[in-house]
Participant: 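Here you go, one structure.
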Amino acid sequence: EAGVAQSPRYKIIEKRQSVAFWCNPISGHATLYWYQQILGQGPKLLIQFQNNGVVDDSQLPKDRFSAERLKGVDSTLKIQPAKLEDSAVYLCASSLSGPWGDTQYFGPGTRLTVL
Amino acid sequence: AQSVTQLDSQVPVFEEAPVELRCNYSSSVSVYLFWYVQYPNQGLQLLLKYLSGSTLVKGINGFEAEFNKSQTSFHLRKPSVHISDTAEYFCAVSLSGGSGNTPLVFGKGTRLSVIA
């Protein structure tokens, strides 16, 4: 079974530029998450989708971050404009929408460096 | 809100020695508990999880963890480590029950370094 795919793997931009990340979850997984992992810390949830609807975006900095999941499959996360503090690894994860406590499967992440 | 504390940021241990990585959590409601491992430049991989039932949970790669409700702990153990166990380990919680899957709240991680 194919895992969660993410691209690009690495991205370097200058502050105030925009950037977009792409995620393709495991086939059949209705729930999709975006996490931000700053160096030396654990991942922190940015947004959770159930199919193509947003379940939780309370920790998403909406003045600069946006995310969508069209057709309930692939998802994109965008930052515009980027700040230095956005340097982090952005992880996408997916899970089934069955019983609670379903395992979340993570992609390899996109490492963003903002100069 | 839930929170997770991993008491050790770094744990060095000699090969074939036992290891325990400590995790404590705080929550006013019932939670599920998870341990994930992250190898360099890779995503997180599930080692084991506790949802209910037996408090001793066995996972992949010879790891196990014990849920202790009174001490709000979920420590990870392995009786004999290998060089290949060198990685970052994350403890996480999510709410149990409710209307669907809830996101994970992670600790800051413990870097396990196995020394030959």
Side-chain angles (χ1 to χ4, degrees), chain A residues 2-10 21 23-26 29-51 53-60 67 88-111, chain B residues 1-10 21 23-25 27 29-53 57 59-60 67 74 87-111:
Chain A
V4 176
Q6 290 188 248
S7 67
R9 290 295 310 278
Y10 304 91
F21 312 129
C23 172
N24 181 242
I26 293 173
H29 282 194
T31 309
L32 185 147
Y33 312 80
W34 283 101
Y35 290 88
Q36 179 192 56
Q37 185 179 17
I38 293 173
L39 186 65
Q41 299 183 22
K44 183 188 79 171
L45 179 76
L46 290 174
I47 190 167
Q48 176 185 351
F49 291 94
Q50 180 76 14
N51 296 308
V54 176
V55 174
D56 183 353
D57 64 355
S58 58
Q59 298 185 80
L60 187 74
V89 175
Y90 291 84
L91 295 165
C92 179
S94 69
S95 66
L96 293 166
S97 61
W100 309 297
D102 269 348
T103 297
Q104 292 185 26
Y105 295 87
F106 285 80
T110 297
R111 182 177 298 275
Chain B
Q2 308 82 49
S3 66
V4 176
T5 302
Q6 291 185 242
L7 297 163
D8 306 296
S9 60
Q10 296 187 58
L21 305 183
C23 172
N24 286 90
Y25 68 93
S27 177
V29 297
S30 295
V31 295
Y32 297 132
L33 295 152
F34 305 79
W35 275 99
Y36 279 83
V37 61
Q38 187 175 34
Y39 299 103
N41 297 316
Q42 295 186 29
L44 282 76
Q45 179 184 8
L46 181 71
L47 280 176
L48 47 80
K49 63 181 178 182
Y50 172 79
L51 303 183
S52 65
V57 180
I60 62 171
F67 170 56
F74 191 54
E88 191 87 17
Y89 291 79
F90 292 94
C91 181
V93 302
S94 70
L95 293 178
S96 66
S99 59
N101 283 320
T102 58
L104 296 168
V105 175
F106 287 88
K108 291 188 175 183
T110 297
R111 178 166 297 278

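Values in this document were obtained by computation on a predicted structure and should not be read as measured data. All values below come from the heavy atoms of this structure, side chains included, with hydrogens, waters and symmetry mates left out. Here is the naming used below: chain letters follow the sequence lines, and residue numbers restart at 1 for every chain.
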Participant: Heavy-atom distances under 4.5 Å only: say whether Q37(A) touches chain B with side chain, backbone, both or neither.
Facilitator: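 Side chain only.
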Participant: If you count heavy atoms of other groups shown closer than 6.0 angstrom to CG of L39(A), is the number above 12?
Facilitator: no
Participant: Over all heavy atoms of both residues, which pair between R9(A) and N41(B) is shortest? Give the atoms and the distance, please.
Facilitator: NH2-O, 3.0 Å
Participant: So which of P108(A), G42(A), P43(A) has the biggest tally of heavy-atom pairs under 4.5 Å with chain B?
Facilitator: P43(A)
Participant: Which pair of non-hydrogen atoms, one from F90(B) and one from Q41(A), has the smallest distance, and what is that distance?
Facilitator: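 Answer, listing the atom of F90(B) first, then Q41(A): CE2-O, 3.9 Å.
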Participant: If only atom types and distance count, is the side chain of Y105(A) paired as donor or acceptor with the main-chain N or O of L46(B) below 3.5 Å?
Facilitator: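 No; judged by distance alone, with no hydrogens or angles, the pair does not exist.
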Participant: Closest approach of Y36(B) and T103(A), non-hydrogen atoms and distance?
Facilitator: OH-CG2, 4.2 Å
Participant: To the nearest 0.5 Å, what is the distance between CG (L104(B)) and CG (L45(A))?
Facilitator: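 The CG atom of L45(A) is 9.0 Å from CG of L104(B), to the nearest 0.5 Å.
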Participant: Quick check: closest heavy atoms across Q48(A) and P103(B), and the distance to 0.1 Å?
Facilitator: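 It is OE1-CD, 3.1 Å.
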Participant: Could you grab the distance from atom CD of Q104(A) to atom NZ of K49(B), nearest 0.5 Å is fine?
Facilitator: 10.0 Å
Participant: Identify which part of Q6(B) has an atom lying under 4.5 Å from any heavy atom of chain A, answering side chain, backbone, both or neither.
Facilitator: neither
